[in-house]
Amino acid sequence: MQVHIVPDAAAGGALVADLFEEVIREAGEAGAVLGLATGSSPLTAYAELIRRHRERGLSFAHSRAFTLDEYVGLSGDHPQSYRRFIHEHLVDQVDLPASAVDTPDGAAADPDLEAIAYERRLQDAGGVDLQILGIGSNGHIAFNEPGSDRASRTRVVDLAPSTIADNARFFGDPSQVPVRAISQGLGTLAEARRIVLTASGAGKAEAIAHLLEGEMTDQWPATALQQHPQVTVVVDEAAASRLTRSDARHS
Ligand code: F6R
């Protein structure tokens, strides 16, 4: 894993945006398949991509995108749905066609079937060229909570109590936080050709220490990434504060 410890979130966003730009340019007119995360971690990267689109003409016109997960029970136009989130914070502000962005349908009549269908749509697109990930304070990636199988595919998952607590900040009323989600599995994520994981703040420090210096264990799901050949980790000083080895690269 390549590790970058950055001074602040803006520097991290620029590094992540560089990776997206590279993948998009490499794909050319064939179009890149982008794996998009929601939540606060990718926001500086998305802001930088929007800036590069506006000021430097970075184009997403040929790209396609898949998001990681969606709350079960929320329709795509619900203010807290991840579909709405990704449209507001990226898609609607660049030239990525809305029709080229796929998200699991949290309001599907049968969420289990929707999970299987979503996995198939992702496979049919040829898989993800670059996947951006955040990480939960409990080490989850997408909504693969502790105990998730390393081979898991897109499925309906129960959110861990700590995830429900962490996400309550996005909901006015904590009792409104959904308790289940449709999430890409660890096995699904492992097939992304390139992965960039970004984290900031002391609340992520323990999870980052497990990811970079811990044993691979299903109790810290992100450690599954240790097996992936092309992972870049971009963290600020606070998220890196529990690392003990000195081989991480400051940039
Ligand atoms: C979001 C997702 C989650 C978040 C994680 C970190 O699509 O799948 O794994 O990346 O919970 O959330 P933030 O970035 O809000 O701290």
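What's counted below: heavy atoms across the whole structure, side chains too, no hydrogens, waters or symmetry copies. Since the structure is predicted, the reported quantities are computational estimates derived from the model, not experimental observations.
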Please tell me whether Val156 and Leu159 are part of a single hydrophobic cluster in this structure, the criterion being side-chain heavy atoms less than 4.5 Å apart. no
Is there a side-chain contact between Arg54 and Gln93 (heavy atoms, below 4.5 Å)? yes
Can you confirm whether Ile24 sits close enough to Ser63 that some side-chain heavy atom of one is under 4.5 Å from a side-chain heavy atom of the other? yes
Determine yes or no for a side-chain-to-main-chain donor-acceptor pair under 3.5 angstrom, with Asp236 supplying the side chain and Asp8 the backbone. no
Gap between atom CZ of Phe170 and atom OH of Tyr82 - 0.5 Å precision: 6.5 Å
Nearest 0.5 angstrom please: Leu36 CG to His89 NE2, how far? 13.0 Å
Tell me, please, which residues at least two apart from Ala117 pass side-chain contact (heavy atoms from CB on, under 4.5 Å). Glu114, Arg121
Quick one: CG on Leu225 to CD on Gln230, what's the gap to the nearest 0.5 Å? 13.0 Å
How far apart are the C-alpha atoms of Arg153 and Gln123, what are their side-chain angles, what is the distance that settles it, and do they pass the side-chain contact (heavy atoms from CB on, under 4.5 Å) test? CA-CA 11 Å; Arg153 314 304 306 191; Gln123 306 293 332; 3.2 Å; yes
Whether the side chain of Glu237 engages the backbone of Val6 through a donor-acceptor N/O pair (distance < 3.5 Å, no angle test) should be reported. no
CA sep, side-chain torsions, deciding dist, call: Arg52, Asp18, salt bridge (charged side-chain N to carboxylate O under 4.0 Å, His left out): CA-CA 10 Å; Arg52 291 182 191 190; Asp18 286 347; 2.9 Å; yes
Would a 4.5 Å heavy-atom cut-off, applied to side chains only, mark Arg155 and Ser148 as touching? yes
If you define the side chain from C-beta out and look only at heavy atoms, does anything of His62 sit under 4.5 Å from Pro97? no
Glu21/Arg56 under salt bridge (charged side-chain N to carboxylate O under 4.0 Å, His left out): CA gap, chis, key distance, verdict: CA-CA 11 Å; Glu21 193 162 350; Arg56 302 204 330 224; 3.1 Å; yes
If you link I, L, V, M, F, W and Y whenever their side-chain heavy atoms are under 4.5 Å apart, who else ends up in the same group as Trp220? none
Is the shortest side-chain heavy-atom distance between Val16 and Pro42 below 4.5 Å? no
Closest non-hydrogen atom pair between Ile208 and Ala199, with its separation: CD1-CB, 3.9 Å
Ser200 side chain near Ser41 side chain, heavy-atom distance below 4.5 Å: no
If I take atom CD from residue Glu48 and atom CG from residue Leu58, how far apart are they, to the nearest 0.5 angstrom? 9.5 Å
Can Arg150 and Thr223 be said to form a side-chain hydrogen bond (donor to acceptor under 3.5 Å, both in side chains), step by step? CA-CA 10 Å; Arg150 216 173 299 149; Thr223 60; over 6 Å; no
Tell me whether Leu34 is reachable from Phe66 by hopping between hydrophobic residues (I, L, V, M, F, W, Y) whose side-chain heavy atoms are closer than 4.5 Å. no
Test Val233 against Leu211 for side-chain contact (heavy atoms from CB on, under 4.5 Å), laying out the working first. CA-CA 10 Å; Val233 178; Leu211 167 64; 4.0 Å; yes
Between CD1 of Ile86 and CG of Asp102, what distance do you get to the nearest 0.5 Å? 12.5 Å
Can you find a pair of side-chain heavy atoms, one from Gln2 and one from Val231, that are under 4.5 Å apart? no
Do Phe143 and Phe171 belong to the same hydrophobic cluster, where Ile, Leu, Val, Met, Phe, Trp and Tyr are linked whenever their side-chain heavy atoms lie under 4.5 Å apart, directly or via other members? yes
Those residues at least two apart in sequence (or on a different chain) that pass ring-ring contact (aromatic ring centres under 6.0 Å, His included) with Phe20 are none
Quick one: which residue pairs count as a salt bridge (charged side-chain N to carboxylate O under 4.0 Å, His left out) with a foot in residues 68-80, not counting sequence neighbours? none
Given 3.5 Å as the limit, does a donor-acceptor pair link the side chain of Glu119 with the main chain of Gln184, or not? no
Thr44 side chain to Ala9 backbone, donor-acceptor under 3.5 Å: yes
Would the distance check show the side chain of Asn144 and the main-chain N or O of Ile141 forming a donor-acceptor pair, the cut-off being under 3.5 Å? yes
Shortest non-hydrogen pair, Gly76 vs Ser81, comes out as O-OG, 2.9 Å
Are the ring centres of Tyr71 and Phe85 closer than 6.0 Å? no
Consider only side-chain N and O atoms of Arg84 and Thr38, and report whether a donor and an acceptor are under 3.5 Å apart. no
Smallest heavy-atom separation, Ala32 atom then Ala27 atom, equals N-CB, 3.5 Å
Is there a side-chain contact (heavy atoms from CB on, under 4.5 Å) between Tyr46 and Val91? Walk through the geometry before answering. CA-CA 9 Å; Tyr46 295 162; Val91 180; over 6 Å; no
With sequence neighbours excluded, tell me which residues meet ring-ring contact (aromatic ring centres under 6.0 Å, His included) with His87. none
Do Leu19 and Leu90 share a hydrophobic cluster (ILVMFWY, side-chain heavy atoms under 4.5 Å, transitive)? yes
Which heavy atom in Val177 sits nearest to a heavy atom in Ala168, and how many Å separate them? CG2-CA, 3.6 Å
Show, in sequence, the C-alpha distance, side-chain angles and deciding distance for Val234 and Val196, and conclude whether the side-chain contact (heavy atoms from CB on, under 4.5 Å) test is met. CA-CA 7 Å; Val234 180; Val196 57; 4.1 Å; yes
Say whether, by atom type as modelled, one donor and one acceptor occur between the side chain of Ser152 and the main chain of Gly185 under 3.5 angstrom. no
For the side chain of His228 and the backbone of Ala192, is there at least one donor-acceptor N/O pair under 3.5 Å apart? yes
Which atom pairs, donor and acceptor, lie under 3.5 Å between side-chain atoms of residues 127-140 and protein residues at least two apart or in another chain?
residue: Asp129; atom: OD1; partner: Arg193; partner atom: NE; Å: 2.8
residue: Asp129; atom: OD1; partner: Arg193; partner atom: NH2; Å: 2.9
residue: Asp129; atom: OD2; partner: Val33; partner atom: N; Å: 2.8
residue: Gln131; atom: NE2; partner: Gly35; partner atom: O; Å: 3.2
residue: Ser137; atom: OG; partner: Asp166; partner atom: OD2; Å: 2.8
residue: Asn138; atom: OD1; partner: His140; partner atom: N; Å: 3.0
residue: Asn138; atom: OD1; partner: His140; partner atom: ND1; Å: 3.3
residue: Asn138; atom: ND2; partner: Glu145; partner atom: OE1; Å: 2.9
residue: Asn138; atom: ND2; partner: Ser162; partner atom: OG; Å: 3.4
residue: His140; atom: ND1; partner: Glu145; partner atom: OE1; Å: 2.9
residue: His140; atom: ND1; partner: Thr163; partner atom: OG1; Å: 3.2

Side-chain (Tyr118) to main-chain (Ile182) donor-acceptor, under 3.5 angstrom: no
Using side-chain heavy atoms (C-beta onward) and a distance below 4.5 Å, is His210 in contact with Gln226? no
So, taking the atom named CZ in Arg83 and the one named CD in Glu88, what distance separates them when rounded to the nearest 0.5 Å? 12.5 Å
Are Leu186 and Ile195 grouped together when hydrophobic residues (ILVMFWY) are joined by side-chain heavy atoms under 4.5 angstrom apart? yes
Minimum heavy-atom distance between Ala11 and Pro7, given as atom pair plus value: CB-CD, 4.0 Å
Ile164 and Pro178: which non-hydrogen atoms are nearest, and at how many Å? CG1-O, 4.2 Å
